[in-house]
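A short write-up of the structure that comes next.
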Amino acid sequence: MTSLTVRSAGWRRPIAYLGGAVLLLGGLIVLLPEGIGAFPPEWDVGLGPAVNEVQQWWISNRRDLGVYLYFFDPLSDSIDWLLRAFENLLLAIPWYVHAAGVGLAFGRWLGTPGGVAAGAGMLYFVALGLWEQSVQTFSLMTVAVALAVAIGVPVGILAARSDWVFRGLRPVLDSMQTLPAFVYLIPVLLFFGVARVPSLIATVIYALPPVIRLTNLGIRQVPTESLEAGLMFGSTSGQLLRKVQLPQAVPSILAGVNQTIMMALSIVVIAAMIGAGGLGQEVLLALRHQEVGRAVEAGMAIVLMAVMLDRFSHSLVGQGRMGGAARTQGLQYRNWWVAGGALAAMAIAGWTLGWTDYPTALQFSYAAPIDGAVDWARDNLYQLGNLPVGTGPFSDFLTTYGTRPMRLYLSEEAWPVVVLFFGFVAWWASGKKLLLGSVVGTVVIGLLGMWTLTMDTLSQTVVAVLMAIVIGLPLGVAASRRDWLERGMRPVLDTLQTIPSFCFLVPVVILFNVGRIPGIIASVLYAIPPVIRLTNLGIRSVDSEIVEASESFGVTRRQKLWKIQLPLAMPTVLAGINQTVMLVLAMVVIAGLVGGAGLGLEAVKGLARSDTGLGFEAGASIVILAMILDRITQGWAARFQPPSSDRG
């Protein structure tokens with residue numbers, strides 16, 4: 001029991017160090033001479049205007065550059081042709097053929113209820129007058145995912161067959177998954193301008209890492225027995241790949257495709273800022289005009305599309321794991337050619353008789369009732385009578401005691417102390433290298449002229465992460481101790497992780513209008529699943545022998561949680577907090593759509609005004625902040641890891 005006590009006590013010391021550092025921060029600010037406030041604005045290196053000058057020169061001279069004539073223009077034209085051809089093909093097919101075809105396909109893989117639900121889901125897009133926008137979004141996403149798979153699978157295979165390629169790719173993939181989604185829009189704007197092609201290219205880049213990682217993982221996890229058996233039969237390296245490794249890696253590759261689809265859908269609204277169109281454009285315009293009802297309709301269309309594709313790709317992953325012989329739960333068709341012929345006949349009949357448009361009499365909209373509910377919520381839920389209860393008092397509380405004092409403290413007080421504080425926390429988390437990187441990174445943010453805006457974003461991030469921890473940690477603990485609660489929470493968490501990030505803005509705008517607080521609340525909803533899931537996983541993964549040994553010493557249930565389970569689960573819990581921090585930062589730009597202020601609002605302004613310089617400065621600051629917080633939280637997880645001598 002002595003080793004257990006040591007391990008349970010060790011996790012409190014780092015928290016004490018962090019608390020001491022916060023007190024030291026306040027003390028240093030008091031002791032420093034007056035006049036040292038925010039980062040000096042005259043130190044701004046003016047990178048934004050320089051980027052805009054480069055952009056203007058590039059735009060003015062790009063037709064004279066060979067790289068455009070022989071690379072960018074042909075690439076852009078090819079992608080644009082492919083995208084438009086696929087979109088026109090889908091739009092030419094009558095809507096009811098789409099509904100029937102999707103219903104048959106889903107019924108084949110998910111059973112009759114799944115097929116009926118999918119067919120009804122297709123009717124949602126048509127009945128609300130969102131058919132063309134839905135096809136545009138689906139086309140862009142489908143082509144982007146196809147390109148991501150076409151690039152990612154070969155790269156993943158190469159990484160699996162070459163360790164040095166994998167080592168070189170790992171930091172690149174880590175950085176790609178750390179960067180907020182909108183950052184990918186900045187370089188493609190410079191090279192491709194504003195249109196659907198740059199939106200598609202940004203989507204491909206953003207959605208590429210999962211398929212590379214999971215292709216590499218799937219091939220590396222093929223049992224050595226299978227490889228040895230193939231070699232014994234004289235298989236060449238290529239035959240071994242095609243006939244042994246790839247077939248057994250299919251489930252992992254399909255899981256990567258599933259994640260790629262979800263990531264592609266999550267960027268549709270951000271891509272709409274540079275002309276992607278589709279459902280994202282509908283949501284963006286509705287939010288700008290504060291038409292919440294229309295935003296809900298278009299947002300629900302994206303959610304429905306995400307859920308349908310998620311369930312379908314998940315079923316493919318499951319079937320891939322079980323093999324083709326296990327496809328017995330779905331509908332069975334004797335001949336798919338018969339079903340295809342019936343669908344073709346329906347399409348020909350529709351073209352011949354002119355029955356291709358959805359009857360306007362059957363269209364409907366629920367935007368007006370939602371707008372009425374928004375007005376009612378604004379008038380009645382802002383404050384309940386004379387009581388300090390309601391969305392207004394809650395928003396005022398978060399602003400008065402959370403974001404405002406922290407924002408003013410970080411942005412207007414002695415900036416060197418903030419830099420040193422970041423450096424100390426980084427040193428404590430991971431050592432001298434991270435200390436140097438954090439100090440340099442925070443100073444670079446100041447040199448970009450983004451100090452005040454970054455501190456604003458940091459204050460919102462800290463408040464959102466603390467709220468997610470305060471809510472998520474107890475829920476994770478409770479789920480780990482009650483199986484029925486874990487089962488009940490699972491579909492809720494699955495839904496929260498499936499819904500595209502911007503969709504969280506719609507309900508919070510209804511209750512909180514616009515500003516920083518809606519962005520914070522949306523960030524909490526979007527980022528809370530990892531801390532719940534990994535807290536539950538960490539506690540459930542504690543060695544049962546250790547738990548039984550503690551019980552033999554007569555510890556209470558509370559003592560077992562606080563002194564045994566939580567300390568040993570802390571690395572996993574901190575991994576969940578790390579993911580939560582990254583997800584909150586990923587919501588920064590989305591929150592800027594509803595006046596979230598800080599770097600997100602500047603990024604939105606830069607994209608909306610084609611001010612690449614401003615967008616570059618804001619994007620670079622978000623990247624630096626994200627990388628610092630990511631490395632610090634990863635370092636914390638490593639420090640909380642029990643010593644190896646205690647394991648076992």
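These numbers come from the heavy atoms of this one structure, side chains and all, not from hydrogens, waters or symmetry mates.
- Residue pairs that meet the salt bridge (Lys or Arg N to Asp or Glu O under 4.0 Å) test with at least one member in residues 273-287, sequence neighbours left out, are Glu282-Arg294.
- Judged as a side chain to side chain donor-acceptor pair (under 3.5 Å), and not counting sequence neighbours, Asp77 has no contacts.
- Not counting sequence neighbours, the partners of Ala295 by the side-chain contact (heavy atoms from CB on, under 4.5 Å) test are Ala286, Leu287, Val506.
- The side chain to side chain donor-acceptor pair (under 3.5 Å) check on Thr612 picks up Gln55, with sequence neighbours excluded.
- By the salt bridge (Lys or Arg N to Asp or Glu O under 4.0 Å) test, Arg170 is found to be paired with no residue, residues two or more places apart in sequence or in another chain being considered.
- Among residues two or more places apart in sequence or in another chain, the side chain to side chain donor-acceptor pair (under 3.5 Å) test is passed with Asn88 by none.
- Applying the side-chain contact (heavy atoms from CB on, under 4.5 Å) criterion to Arg540, with sequence neighbours excluded, gives Ser480, Asp483, Glu486, Asn536.
- Residues forming a side chain to side chain donor-acceptor pair (under 3.5 Å) with Trp164 (at least two apart in sequence, or on another chain): Ser162.
- Residues passing the salt bridge (Lys or Arg N to Asp or Glu O under 4.0 Å) test with Arg161, sequence neighbours excluded: none.
- In this view, Ala100 and Leu343, Met346 satisfy the side-chain contact (heavy atoms from CB on, under 4.5 Å) rule, not counting sequence neighbours.
- Residues satisfying the side-chain contact (heavy atoms from CB on, under 4.5 Å) criterion with Leu82, sequence neighbours excluded, are Val143.
- Here Phe106 pairs with Phe312 under the ring pair (Phe, Tyr, Trp, His ring centres under 6.0 Å) rule; sequence neighbours left out.
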